[in-house]
Amino acid sequence: MVDIQFGSEDFALVRAPIDRKTGKSYESCTYALYPGMSLAQSEPELVVLLYDSLLQQKPDTAMFLYKGYGSDPLLNRKYQQRLLTRWRGLGKPAVIVATPEDRKFFRGSLGEIPTVSLYDLLIEHSVSGGCNRELYRLSEPEEYGFEPALKELADMMGVVLCDDLHAPFLTSSMDVRNAMKKNGFEAVHILELIYGMGRSNQHLAHAHSENHDHDQAPTLRDTVMNEEERAACDDLFDASARKQNLQDLHNSLLSFFWGE
């Protein structure tokens, strides 16, 4: 994923939620949602819906919209140190991770921070949606490890996972979804099924190569894309669109949850 340099970190948002009983922010949080940059830059509405849903179940869940890593090792160390400082300021909550990339990042680079799978929490509280179609092909990036809760969530929504060539891909990785769409395949992030497809069905123009024959079913794909195909996710949104999505998300979160 192409990095967006925050500069003064205008789009970072690390905050405890408002306690509805006292009208003040929680002094210490049990959980903190870390939506990650790929989800925030691609589908900001999903982050808002997800956070609202989590607050209904866990009212002291903090928002942890923060850039944690990139391609530069020196910057990574700075990001991680700042991230640790901000995490401690929230009372050392368990961090809720939504993507396999972020799960690997926290468990590999920030072992001090406990993590919990978003999808395990959704199952625990019976939060699921309805599928637009019945058949999907599961596609997860193997290098980050498989998210076992996806199969259970899919079953809760009435999704049948299969190898049907005509079935769209289902994934918990927004980078995989974007790369699949860029390469001309139907692909859906599981949060789109749970919280509604919304803008994701309207604002993306699928890019197709000239030799892609859409009268035939695409060739069955491996779960691991090659590097060229994976890089295509960067082209689905240009830098301006990613920046605007982050701005929209930042403003929406402040407005909806903190009244600013």
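In this chain, residues are counted from 1 in sequence order.
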Asker: Write out all pairs satisfying side chain to side chain donor-acceptor pair (under 3.5 Å) with one or both partners inside residues 251-260, taking only residues at least two apart or from two chains.
Answerer: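 Every side chain to side chain donor-acceptor pair (under 3.5 Å) pair that includes a residue of residues 251-260, provided the two are not neighbours, is Arg15-Glu260, Gln247-Asn251.
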
Asker: Is a donor on one side and an acceptor on the other found under 3.5 Å between the side chain of Asp155 and the backbone of Lys151?
Answerer: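 Here the side-chain-to-backbone pair does not exist.
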
Asker: Measure the shortest side-chain to side-chain distance between Pro93 and Trp87 over non-hydrogen atoms and say whether it is less than 4.5 angstrom.
Answerer: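 Yes, their side chains come closer than 4.5 Å.
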
Asker: Does Leu249 form a side-chain contact (heavy atoms from CB on, under 4.5 Å) with Leu253? I'd like the steps, not just the answer.
Answerer: CA-CA 6 Å; Leu249 176 57; Leu253 290 171; 3.8 Å; yes

Asker: How long is the straight-line distance from CD of Gln41 back to CG of Asn178, given to the nearest 0.5 Å?
Answerer: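 It comes to 9.5 Å.
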
Asker: Can any side-chain N or O of Thr85 pair as donor or acceptor with the backbone N or O of Gln81 at less than 3.5 Å?
Answerer: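 Yes; at least one donor-acceptor contact below 3.5 Å.
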
Asker: Quick one: closest heavy-atom pair of Ser25 and Ile18, and the distance?
Answerer: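 Closest pair (atom of Ser25, atom of Ile18, distance): OG-CD1, 3.6 Å.
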
Asker: Quick one: list whatever passes side-chain hydrogen bond (donor to acceptor under 3.5 Å, both in side chains) with Glu112, sequence neighbours left out.
Answerer: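 Glu112 satisfies side-chain hydrogen bond (donor to acceptor under 3.5 Å, both in side chains) with Arg88 once adjacent residues are dropped.
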
Asker: Which distance, rounded to the nearest 0.5 Å, do you find between the CG of Leu153 and the CD1 of Ile190?
Answerer: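 These two atoms lie 4.5 Å from each other.
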
Asker: Determine whether Asp175 and Glu101 make a side-chain contact, defined as any pair of heavy atoms from C-beta on separated by less than 4.5 Å.
Answerer: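 The answer is yes, as the side chains (C-beta and beyond) meet within the 4.5 Å cut-off.
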
Asker: Has the side chain of His189 got a donor or acceptor atom that lies under 3.5 Å from a matching backbone atom of Leu191?
Answerer: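 Between the backbone of Leu191 and the side chain of His189 there is a qualifying donor-acceptor contact (under 3.5 Å).
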
Asker: In the structure I gave you, are the side-chain heavy atoms of Phe169 and Glu186 within less than 4.5 Å of one another anywhere?
Answerer: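 They are not in contact (no side-chain heavy atoms under 4.5 Å apart), so the answer is no.
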
Asker: How close do Val127 and Ser53 get, heavy atom to heavy atom, and via which atoms?
Answerer: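 Reported closest heavy-atom pair: CG1-OG, 3.9 Å.
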
Asker: Could you state the interatomic distance from CG (Asp52) to CD (Gln57), rounded to the nearest 0.5 Å?
Answerer: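 Output value for this atom pair is 10.5 Å.
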
Asker: Thr171: what forms a side-chain hydrogen bond (donor to acceptor under 3.5 Å, both in side chains) with it, not counting sequence neighbours?
Answerer: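 Thr171 satisfies side-chain hydrogen bond (donor to acceptor under 3.5 Å, both in side chains) with Glu140 only.
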
Asker: Does Glu152 have any side-chain hydrogen bond (donor to acceptor under 3.5 Å, both in side chains) partners at least two apart in sequence or in another chain, and if so, which?
Answerer: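 Scan of Glu152 (side-chain hydrogen bond (donor to acceptor under 3.5 Å, both in side chains), adjacent residues dropped) gives none.
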
Asker: One pair to check against side-chain contact (heavy atoms from CB on, under 4.5 Å): Lys243 and Leu246. What are the steps and the verdict?
Answerer: CA-CA 5 Å; Lys243 182 176 181 180; Leu246 284 173; 5.8 Å; no

Asker: Identify, with sequence neighbours excluded, every residue that meets side-chain hydrogen bond (donor to acceptor under 3.5 Å, both in side chains) alongside Thr30.
Answerer: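 Partners of Thr30 by the side-chain hydrogen bond (donor to acceptor under 3.5 Å, both in side chains) criterion, ordered by chain and then number, come out as Asp60.
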
Asker: Could you pull out the closest heavy-atom pair between Thr61 and Ile96, with the gap in Å?
Answerer: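 Scanning both residues, the minimum pair turns out to be CG2-CD1, 4.1 Å.
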
Asker: Distance from Lys92 atom NZ to Ile113 atom CD1, nearest 0.5 Å?
Answerer: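 Output value for this atom pair is 10.0 Å.
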
Asker: How long is the span from the CG atom in Leu50 to the CG atom in Leu55, to the nearest 0.5 Å?
Answerer: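 Reported to 0.5 Å precision, the distance equals 9.5 Å.
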
Asker: As an exercise, state the distance from CG of Leu13 to CE of Met63, rounded to the nearest 0.5 Å.
Answerer: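 Reported to 0.5 Å precision, the distance equals 7.0 Å.
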
Asker: Answer whether the closest heavy-atom distance between the side chains of Ser42 and Arg177 falls below 4.5 Å.
Answerer: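 Counting from C-beta outward, Ser42 and Arg177 do come under 4.5 Å.
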
Asker: Just jot down the ring pair (Phe, Tyr, Trp, His ring centres under 6.0 Å) partners of Tyr26, sequence neighbours excluded, or say none.
Answerer: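 For Tyr26 there are no ring pair (Phe, Tyr, Trp, His ring centres under 6.0 Å) partners, ignoring immediate neighbours.
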
Asker: Tell me the closest heavy-atom pair linking Met174 and Ser38, and the distance in Å.
Answerer: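 Scanning both residues, the minimum pair turns out to be CG-O, 3.5 Å.
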
Asker: Would you say that Leu161 contacts Leu150 through its side chain, given a criterion of any heavy-atom pair below 4.5 Å between the two side chains?
Answerer: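 Side-chain contact under 4.5 Å: no.
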
Asker: Would you please name every residue forming a side-chain contact (heavy atoms from CB on, under 4.5 Å) with Thr22, sequence neighbours left out?
Answerer: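 So Thr22 forms a side-chain contact (heavy atoms from CB on, under 4.5 Å) with Asp19, Lys24.
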
Asker: With a 4.5 Å limit on heavy-atom distance, are the side chains of Val188 and Tyr136 in contact?
Answerer: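 With C-beta onward as the side chain, the pair touches.
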
Asker: For Thr115 and Phe105, run side-chain contact (heavy atoms from CB on, under 4.5 Å): C-alpha distance rounded to whole Å, both residues' side-chain angles, the deciding distance at 0.1 Å, then the answer.
Answerer: CA-CA 11 Å; Thr115 61; Phe105 162 65; over 6 Å; no

Asker: Tell me every residue that passes ring pair (Phe, Tyr, Trp, His ring centres under 6.0 Å) with Phe64, counting only those two or more places apart in sequence or in another chain.
Answerer: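 Phe64 satisfies ring pair (Phe, Tyr, Trp, His ring centres under 6.0 Å) with Tyr34 once adjacent residues are dropped.
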
Asker: Is the shortest side-chain heavy-atom distance between Cys29 and Lys58 below 4.5 Å?
Answerer: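 Side chain of Cys29 against side chain of Lys58, heavy atoms only: no contact under 4.5 Å found.
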
Asker: Do Ile194 and Val160 share a hydrophobic cluster (ILVMFWY, side-chain heavy atoms under 4.5 Å, transitive)?
Answerer: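 In one cluster with Ile194: Val160, no.
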
Asker: Which heavy atom of Pro168 sits nearest a heavy atom of Leu135, and at what distance?
Answerer: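 Smallest heavy-atom distance, with atoms named: CD-O, 3.4 Å.
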
Asker: Is any side-chain heavy atom of Met37 closer than 4.5 Å to a side-chain heavy atom of Arg242?
Answerer: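 They are not in contact (no side-chain heavy atoms under 4.5 Å apart), so the answer is no.
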
Asker: If every non-hydrogen atom of Cys162 is compared with every non-hydrogen atom of Arg137, which pair is closest and at what distance?
Answerer: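 For Cys162 and Arg137, the tightest heavy-atom pair comes out as O-CG, 3.2 Å.
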
Asker: Taking only residues two or more places apart in sequence or in another chain, which ones pass ring pair (Phe, Tyr, Trp, His ring centres under 6.0 Å) with Tyr51?
Answerer: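 Ring pair (Phe, Tyr, Trp, His ring centres under 6.0 Å) list for Tyr51, sorted by chain: Phe257.
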
Asker: Residues in side-chain contact (heavy atoms from CB on, under 4.5 Å) with Ala98, at least two apart?
Answerer: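 So Ala98 forms a side-chain contact (heavy atoms from CB on, under 4.5 Å) with Leu39, Leu118, Tyr119.
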
